[in-house]
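Proteins come first, then strands; the chains are lettered A, B, ... in the order of their sequence lines, and each starts at number 1.
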Protein chains: 2
Amino acid sequence: MGVIRKTKAVEVLLKEFNTNSVAISAKALIEQLGDTFNKTTIYRVLDKLEDDGILHSFLGKEGLKWYAKCNGCTSTEHNDVHPHFQCLSCGRVDCLTFTVPLPKIPNRKIEVTQLLIQGKCEECFV
Amino acid sequence: MGVIRKTKAVEVLLKEFNTNSVAISAKALIEQLGDTFNKTTIYRVLDKLEDDGILHSFLGKEGLKWYAKCNGCTSTEHNDVHPHFQCLSCGRVDCLTFTVPLPKIPNRKIEVTQLLIQGKCEECFV
DNA sequence: AATATAACGCAACCTTGTTGCATTAACAAA
DNA sequence: TTTGTTAATGCAACAAGGTTGCGTTATATT
Ligand SMILES: [Mn+2]
Ligand SMILES: [Mn+2]
Ligand SMILES: [Zn+2]
Ligand SMILES: [Zn+2]
């Protein structure tokens, strides 16, 4: 189940995702807020916000867990699935708005697709 | 640098990938061979075989590291990059032979793309 | 204000993977 | 075949990201 009480931690984490439009890793949030909140709390709040359809998560480089705001998802329906882009120079990660059409794979049922594109972002691309 | 001496561990691991056509996780190899070889050895041999262009690696569900045989790669050129499919029922992972065309992303340079498709494999798809 | 319990902090733990170092074994030269 | 070089191994200790259990705190309801 998701968030029930509007605690300080929920408030601060939500603000973090509302002021930044990029994705944020759990690791970065702990580095940034670890003095204010215990890392267990941060992991738990992120998890609950994902349950609520407010955030979605995905794995970046080296298997690190990243979170970003959802668009039009609910606790019952997580529909906004999309590729993510990770800059190999500055580390920045963001959501891409397009979807890639996959070819039919015979006799297999596709349930999830996760696409991570790595390269140089607008800032780092000369 | 890659493998220089044909040791027992190299031999056994290579056979593992030659008799199975699927991908194998480092974790599974350690579970299977951990009595015969130290896990450190297994990790190191896999790493070297990848350097040699004999194996390629990628991250599966939950950030676990998987390895599979390369086709036509060398130590200097790792060209066979492709999507992977992980069955959510039986856990089996294999390489997909197609490539997905990505749209141009303005002002960004794409260097790597990793696509993991999850669902039900031929065996588990009813 | 009193109560119920969701959320928290803390410590201890788990898992995958890595590092340093002494020992062993592959391989080629003698 | 013996010897010498050093790549590869085993072991123990560590690292990092994340999880769990439990006693305490604070939010929300009455
Ligand atoms: Mn979403
Ligand atoms: Mn390859
Ligand atoms: Zn960048
Ligand atoms: Zn399957």
### Message
Does any part of the side chain of A:I24, heavy atoms only, come nearer than 4.5 Å to the side chain of A:F17, both counted from C-beta?
### Response
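SC-SC contact between A:F17 and A:I24 confirmed.
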### Flag side-chain contact, heavy atom, 4.5 Å: B:K69 against B:L55
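Of all side-chain heavy-atom pairs linking B:L55 with B:K69, at least one is under 4.5 Å.
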### Task
For DNA chain D, note the earliest and the latest nucleotide, 5' to 3', having some atom under 4.0 Å of a heavy atom belonging to chain B.
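Nucleotide range with atoms under 4.0 Å of chain B: D:dT6 to D:dA12.
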Specify the separation, in whole Å, of atom [atom1] of [X] and atom [atom2] of [N].
{"X": "A:L64", "N": "C:dG17", "atom1": "CG", "atom2": "C1'", "answer": "13 Å"}
{"X": "B:K39", "N": "C:dT18", "atom1": "NZ", "atom2": "C1'", "answer": "9 Å"}
{"X": "A:D47", "N": "C:dC8", "atom1": "CG", "atom2": "C1'", "answer": "15 Å"}
{"X": "A:K65", "N": "C:dT15", "atom1": "NZ", "atom2": "P", "answer": "17 Å"}
{"X": "A:E11", "N": "C:dA7", "atom1": "CD", "atom2": "P", "answer": "15 Å"}
{"X": "B:E50", "N": "C:dT18", "atom1": "CD", "atom2": "P", "answer": "11 Å"}
{"X": "A:D52", "N": "C:dA6", "atom1": "CG", "atom2": "P", "answer": "14 Å"}

### Query
Looking only at side-chain N and O atoms, does B:Y43 come under 4.0 Å of OP1 or OP2 in C:dG17?
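True: B:Y43 side-chain N/O within range (under 4.0 Å) of C:dG17 OP1/OP2.
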With rounding to the nearest 0.5 Å, note down the distance linking [atom1] in [X] to [atom2] in [Y].
{"X": "A:T36", "Y": "A:I30", "atom1": "OG1", "atom2": "CD1", "result": "12.5 Å"}
{"X": "B:L49", "Y": "B:C70", "atom1": "CG", "atom2": "SG", "result": "10.0 Å"}
{"X": "B:K65", "Y": "B:S57", "atom1": "NZ", "atom2": "OG", "result": "4.5 Å"}

### Query
Tell me, which pairs form a salt bridge (charged side-chain N to carboxylate O under 4.0 Å, His left out) where one or both residues lie in residues 1-16 of chain B, sequence neighbours left out?
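The answer is none; no pair qualifies.
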#### Entry: salt bridge (charged side-chain N to carboxylate O under 4.0 Å, His left out): pairs with one or both residues in residues 39-55 of chain A, sequence neighbours excluded
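Sorted result for residues 39-55 of chain A: empty, none.
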### Message
Just to verify, what does A:A26 make a side-chain contact (heavy atoms from CB on, under 4.5 Å) with, not counting sequence neighbours?
### Response
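Per chain and number, A:A26 pairs via side-chain contact (heavy atoms from CB on, under 4.5 Å) with A:Y43, A:L46, A:Y67.
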### Query
Partners of B:T74 by side-chain contact (heavy atoms from CB on, under 4.5 Å), sequence neighbours excluded?
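Applying side-chain contact (heavy atoms from CB on, under 4.5 Å) to B:T74 gives B:T76, B:E77.
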### Task
For nucleotides 21-30 of chain C, just jot down a letter per nucleotide in 5' to 3' order: B, S or -, based on protein non-hydrogen atoms under 4.0 Å.
----BBS---
### Message
If the helix axis at each end comes from five base pairs, how far does the helix from C:dA1-D:dT30 to C:dA30-D:dT1 deviate from straight, to 10°?
### Response
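Answer rounded to 10°: the end axes differ by 30°.
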### Query
Partners of A:E31 by salt bridge (Lys or Arg N to Asp or Glu O under 4.0 Å), sequence neighbours excluded?
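A:E31 satisfies salt bridge (Lys or Arg N to Asp or Glu O under 4.0 Å) with A:K27 only.
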### Query
Taking for each residue the nucleotide of DNA chain D with the nearest heavy atom, is it A:N38 or B:V45 whose nucleotide lies nearer the 5' end?
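The residue closer to the strand's 5' end, by nearest nucleotide, is B:V45.
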### Task
Quick one: closest heavy-atom pair of A:G60 and B:L59, and the distance?
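Looking at all heavy atoms of both residues, the closest pair is O-CD1, 4.3 Å.
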### Task
Give the cluster check for A:W66 versus A:L88: same hydrophobic cluster or not, with ILVMFWY residues linked at side-chain heavy-atom distances below 4.5 Å.
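No; A:L88 is not reachable from A:W66 via cluster members.
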### Query
Using a heavy-atom distance cut-off of less than 4.0 Å, which residues of residues 26-36 of chain B contact DNA chain C?
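Going residue by residue through residues 26-36 of chain B, the ones with a heavy atom under 4.0 Å of DNA chain C turn out to be B:A26, B:K27.
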Would you mind writing out the side-chain donor-acceptor pairs for residues 114-126 of chain B within the sub-3.5 Å range, not counting sequence neighbours?
residue: B:Q114; atom: NE2; partner: A:Q118; partner atom: OE1; Å: 2.9
residue: B:Q118; atom: OE1; partner: A:Q114; partner atom: NE2; Å: 2.8
residue: B:K120; atom: NZ; partner: A:E111; partner atom: OE2; Å: 3.4

### Check: B:H82/B:D80 side-chain N/O donor and acceptor closer than 3.5 Å
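Yes.
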### Query
What residues in residues 111-118 of chain B put a non-hydrogen atom under 4.0 Å from any atom of DNA chain D?
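The stretch gives none, as no residue of it lies under 4.0 Å from the strand.
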Could you go through residues 90-105 of chain B and list every donor-acceptor pair under 3.5 Å that involves a side-chain atom there, pairing it with any protein atom two or more places apart or in another chain?
residue: B:R92; atom: NE; partner: B:D94; partner atom: OD2; Å: 2.9
residue: B:R92; atom: NH2; partner: B:D94; partner atom: OD2; Å: 3.0
residue: B:D94; atom: OD1; partner: A:R108; partner atom: NH1; Å: 3.1

#### Entry: Backbone N/O of A:T40 and side chain of A:N38: donor-acceptor pair under 3.5 Å
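Yes, the answer is positive, given that a donor and an acceptor are paired below the 3.5 Å cut-off.
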